[in-house]
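Take a look at the structure below.
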Amino acid sequence: MATVVHWLLAHWWILLAAAVIAVLGGIGWWQQRIQRAQWERAQARALRYGLPQLDALSHRQFEYTVRDLMYRDGCTDAVQVGGQGDLGADVKATDPHGRRWVIQCKHRRHGEQGAAVGTPELQVLNGTGRPVHKADVVVMVTNGRITQPGRDFARQQRLHLVDRQLLASWAAGSRPLWELLPALPPPRKPSRLS
């Protein structure tokens, strides 16, 4: 034991050099991590889609695209949850104001010429959005059309609709969806501006 202590005291500079190398390595790793996060945020902010791109997606790809757009807009917890047994939720997210979003995606292969989203799909979303998923904002997103009876039902039930025209504006622009939709519930947490 005494020999080890004696050696350490005689070669203290080796320990100091190892500590300096470890600290410098940790700083380098941390800086790389910060730069990678900044790059990912910059890429997300630049995310833009045109209607032809959206129309060419599969239904599942459309769900992931909606998730990515929510992430672009600041929903860092945006997740695609759609699939069998999704109970009307394809994307869930929390916006920077603390509101919980549940989004049902209806991709139409033929865009505006495809089948319109109607009251039955909206009834499923309405029946689960708030009671099951605890959403503050319940949204139907489609690259197609929404029937007039569906629009009437959505208005009565406080469901938000993103049809082809609104989707085009949201996906190609830089404004978050909550700035494009009317009559959203108030923020859950105070914003930096309040």
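- Arg108 places none of its side-chain heavy atoms less than 4.5 Å from the side chain of His110.
- The two residues Gln53 and Gly50 come nearest to each other via the heavy atoms OE1-N, 2.7 Å.
- Cluster annotation: Val81 and Val139 are assigned to distinct hydrophobic clusters (Ile/Leu/Val/Met/Phe/Trp/Tyr, side-chain heavy-atom contacts under 4.5 Å, transitive).
- Note that the CZ atom of Arg109 and the CG atom of Leu57 stand 13.0 Å from one another [nearest 0.5 Å].
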Verdict with reasoning, Glu112 to Gln165, per side-chain contact (heavy atoms from CB on, under 4.5 Å): CA-CA 10 Å; Glu112 200 162 29; Gln165 285 70 39; 3.7 Å; yes

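- A search for side chain to side chain contact (heavy atoms under 4.5 Å, CB included) contacts involving Leu87 returns Thr128, Val132, His133, not counting sequence neighbours.
- Formation of a donor-acceptor pair under 3.5 Å by the Asp77 side chain with backbone atoms of Thr94 is found in this model.
- Between Ser58 and His107, every side-chain heavy-atom pair lies at or beyond the 4.5 Å cut-off.
- Side-chain contact between Val91 and Trp101: absent, with no pair of heavy atoms (C-beta onward) separated by less than 4.5 Å.
- Put simply, the side chain of Arg72 gets close to the backbone of Leu47: a donor and an acceptor are under 3.5 Å apart.
- No donor-acceptor distance shorter than 3.5 angstrom exists from the side chain of Arg130 to the backbone of Lys134, with no hydrogens or angles considered.
- Side-chain atoms of Gln157 never come within 3.5 Å of backbone atoms of Ala154 as a donor-acceptor pair (strictly under, hydrogens ignored).
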side-chain hydrogen bond (donor to acceptor under 3.5 Å, both in side chains) between Gln148 and Asp152, worked out: CA-CA 6 Å; Gln148 189 57 50; Asp152 296 340; 2.9 Å; yes

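- Between Val141 and Lys106 there is no side-chain heavy-atom pair separated by less than 4.5 Å.
- At least one side-chain heavy atom of Pro96 sits under 4.5 Å from a side-chain heavy atom of Trp178.
- To the nearest 0.5 Å, atom CZ of residue Arg100 and atom SG of residue Cys75 are 13.0 Å apart.
- Tyr64 and Val66 fall into different hydrophobic clusters, where Ile, Leu, Val, Met, Phe, Trp and Tyr side chains are chained together by heavy-atom contacts under 4.5 Å.
- If you chain together ILVMFWY residues whose side-chain heavy atoms come under 4.5 Å of each other, Phe153 ends up grouped with Val102, Val117, Leu122, Leu125, Val138, Met140, Ile146, Leu159, Leu161.
- Judged by distance alone, with hydrogens and angles left aside, the side-chain atoms of Arg164 form a donor-acceptor pair with the main-chain N or O of Asn143 at under 3.5 Å.
- Taken from CG in Asp136 to CG in Asp95, the straight-line distance is 8.0 Å, to the nearest 0.5 Å.
- You'll find the side chain of Leu167 stays beyond 4.5 Å of the side chain of Tyr49, heavy atoms only.
- Heavy atoms only, all atoms of each residue included: His59 and Cys105 are closest at CE1-O, 2.9 Å.
- No donor-acceptor pair closer than 3.5 Å links the side chain of His160 to the backbone N or O of Leu181.
- Although no hydrogens or angles enter the test, the distance criterion places a donor-acceptor pair under 3.5 Å between the side chain of Asp163 and the main chain of Leu166.
- Here the side chain of Thr142 pairs no donor or acceptor atom with the backbone of Arg145 at under 3.5 angstrom.
- Asp90 meets the side-chain hydrogen bond (donor to acceptor under 3.5 Å, both in side chains) test with Gln104; sequence neighbours excluded.
- When hydrophobic clusters are built by joining Ile, Leu, Val, Met, Phe, Trp and Tyr residues whose side-chain heavy atoms come closer than 4.5 Å, directly or via intermediates, Leu54 is grouped together with Leu180.
- Using a 4.5 Å heavy-atom threshold, the side chains of Ile103 and Met70 count as touching.
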